[in-house]
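Structure first, commentary second.
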Amino acid sequence: DTIHGYYITFISKDWTLEAVLVDFVPFRGSYDGSRIFNTFHSTLTKFELWDRKMAITLDNASNNDAFIQCVINADPSFTKEHHIRCFGHILNLASQDALKMVQEELNTIREYVKSIRFSNIKQERLKALYLDNVSGEKYVKPILDCPTRWNSTSAMIERAIKLKPALDPLMYELWMEQQRSIRSGSN
């Protein structure tokens, strides 16, 4: 189950850009274009907005293309040019694609952050190293990114850079521990 949120944007009589939440609608079952259209149409009709729409902004999912075709079928004055692709979504897709060039480095940071976040001992050691190596700055915990949360990879990288004076020695300590463990296991 999902929830559709519908909001409208418009320019008021005094030329102010306004955004108003119209409704939240529960959505159950298959997520195809015609079912999305039925929910959308009934919501806009309920609020007497169906004949006032000028454009619809959506992401690039194929079911949204089918939805737009349903809108066009129901309202011939509405054309594909009235479908505005979500710029934020396009920018996120482009960013995710660009991040593939540094995937190995990101995975290394991600694994270090996971290792620290899931261990109180490592968190305390990181904090101690940070407070020893950085003066006048408040300690902050590392951030783990989430693929569905925009900007979370950027936040993870920025936080890792801030924590670098403590992360470097901690990662070296952990690597040395791992090497000792490997050597003692092979004896």
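Please read these numbers as outputs of a predicted model, since none were measured by experiment.
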Inset, instruction - Would you kindly say whether Glu158 and Ser154 are connected by a side-chain donor-acceptor distance under 3.5 Å? - result: yes

Inset, instruction - State plainly whether one hydrophobic cluster holds both Phe24 and Val20, where clusters connect Ile, Leu, Val, Met, Phe, Trp and Tyr through side-chain heavy atoms under 4.5 angstrom apart. - result: no

Legend entry - Gap between atom NZ of Lys122 and atom CE of Met171 - 0.5 Å precision: 7.0 Å

Legend entry - Selection residues 4-24 - residue pairs positive for side-chain hydrogen bond (donor to acceptor under 3.5 Å, both in side chains), sequence neighbours left out: His4-Tyr6, His4-Tyr31, Ser12-Asp14, Asp14-Thr16, Asp23-Lys46

Legend entry - Hydrophobic cluster partners of Leu91 (side-chain heavy atoms under 4.5 Å): Phe87

Legend entry - Rounded distance [0.5 Å steps], NE2 in His89 versus CG in Leu93: 4.5 Å

Inset, instruction - Sequence neighbours left out, what passes side-chain hydrogen bond (donor to acceptor under 3.5 Å, both in side chains) with Arg125? Give chain and number order. - result: Glu173

Legend entry - Side-chain heavy-atom pair Pro165, Asp132 within 4.5 angstrom cut-off: no

Legend entry - Exercise: identify the closest heavy-atom pair between Cys70 and Ser34: SG-CA, 3.8 Å

Legend entry - Glu111/Lys114 salt bridge by N-O under 4.0 Å criterion: yes

Inset, instruction - Can you measure from CG (Leu44) to CG (Leu49) and round to the nearest 0.5 angstrom? - result: 5.0 Å

Inset, instruction - Could you name each residue pair satisfying ring-ring contact (aromatic ring centres under 6.0 Å, His included) that touches residues 44-63, not counting sequence neighbours? - result: Phe37-Trp50, His41-Trp50

Inset, instruction - Would you give the length of the straight line joining atom CD of Gln103 to atom OG1 of Thr108, rounded to the nearest 0.5 angstrom? - result: 10.0 Å

Inset, instruction - Answer yes or no: is there a side-chain heavy-atom contact under 4.5 Å between Pro26 and Arg28? - result: yes

Inset, instruction - Can you run down the salt bridge (Lys or Arg N to Asp or Glu O under 4.0 Å) pairs that involve residues 86-101, sequence neighbours left out, and say none if there aren't any? - result: Asp97-Lys100

Inset, instruction - Could you list all the ring-ring contact (aromatic ring centres under 6.0 Å, His included) pairs where at least one residue sits in residues 120-139, not counting sequence neighbours? - result: Tyr130-Tyr139

Inset, instruction - To the nearest 0.5 angstrom, please state how far the NE2 atom of His83 sits from the NZ atom of Lys80. - result: 9.5 Å

Legend entry - All pairs passing ring-ring contact (aromatic ring centres under 6.0 Å, His included) where residues 53-78 contributes a residue, at least two apart: Phe40-Phe67, Phe78-His82

Legend entry - Ser181 side chain to Glu177 backbone, donor-acceptor under 3.5 Å: no

Legend entry - Remaining members of hydrophobic cluster (4.5 Å side-chain criterion), Ile157: Leu99, Val102, Leu106, Ile109, Val113, Leu144, Met156, Ile161

Legend entry - Taking every non-hydrogen atom, the tightest pair across Asn133 and Ala166: ND2-CA, 4.5 Å

Inset, instruction - Check whether any side-chain heavy atom of Leu126 lies under 4.5 Å from a side-chain heavy atom of Ile116, and answer yes or no. - result: yes

Legend entry - Pairwise side-chain contact, Leu58 with Cys86, heavy-atom cut-off 4.5 Å (strictly under): no

Legend entry - Exceeds 12 heavy-atom contacts within 6.0 angstrom, atom CG of Leu17: yes

Legend entry - Set of residues satisfying side-chain hydrogen bond (donor to acceptor under 3.5 Å, both in side chains) with respect to Glu137, sequence neighbours excluded: Lys162

Legend entry - Glu104 atom CD, neighbour heavy-atom count above 12 within 6.0 Å: no

Inset, instruction - Could you tell me which non-hydrogen atom of Arg110 sits nearest to which non-hydrogen atom of Asn107, and how far apart they are? - result: NH1-OD1, 2.7 Å

Inset, instruction - Determine whether the side chains of Asp145 and Ser152 contain a donor N or O and an acceptor N or O closer than 3.5 Å. - result: no

Legend entry - Partner residues of Arg117 under the side-chain hydrogen bond (donor to acceptor under 3.5 Å, both in side chains) criterion, sequence neighbours left out: none

Legend entry - From Ile68 atom CD1 to Ile72 atom CD1, the distance as rounded to the nearest 0.5 Å: 6.5 Å

Inset, instruction - Can you establish whether the number of heavy atoms outside Phe27 located under 6.0 Å from its atom CZ is more than 12? - result: yes

Inset, instruction - Might you point out which heavy atoms bring Ala66 and Gly33 nearest each other, and give the distance in Å? - result: CB-CA, 3.9 Å

Inset, instruction - Measure across Ile84 and Ala55 and return the closest heavy-atom pair with its distance rounded to 0.1 Å. - result: CG1-CB, 3.8 Å

Inset, instruction - Among residues two or more places apart or on two chains, list those pairs meeting salt bridge (Lys or Arg N to Asp or Glu O under 4.0 Å) that have a residue in residues 54-76. - result: Lys53-Asp75, Asp65-Arg85

Legend entry - Donor-acceptor contact below 3.5 Å, side chain Arg35 vs main chain Ser30: yes

Inset, instruction - Would you mind listing the cluster partners of Trp175? Hydrophobic ones only (ILVMFWY), side-chain contacts under 4.5 Å, chaining allowed. - result: Tyr172, Met176

Inset, instruction - Find out whether Ile36 and Asn63 are in side-chain contact, i.e. whether some heavy atom of one side chain is under 4.5 Å from a heavy atom of the other. - result: yes

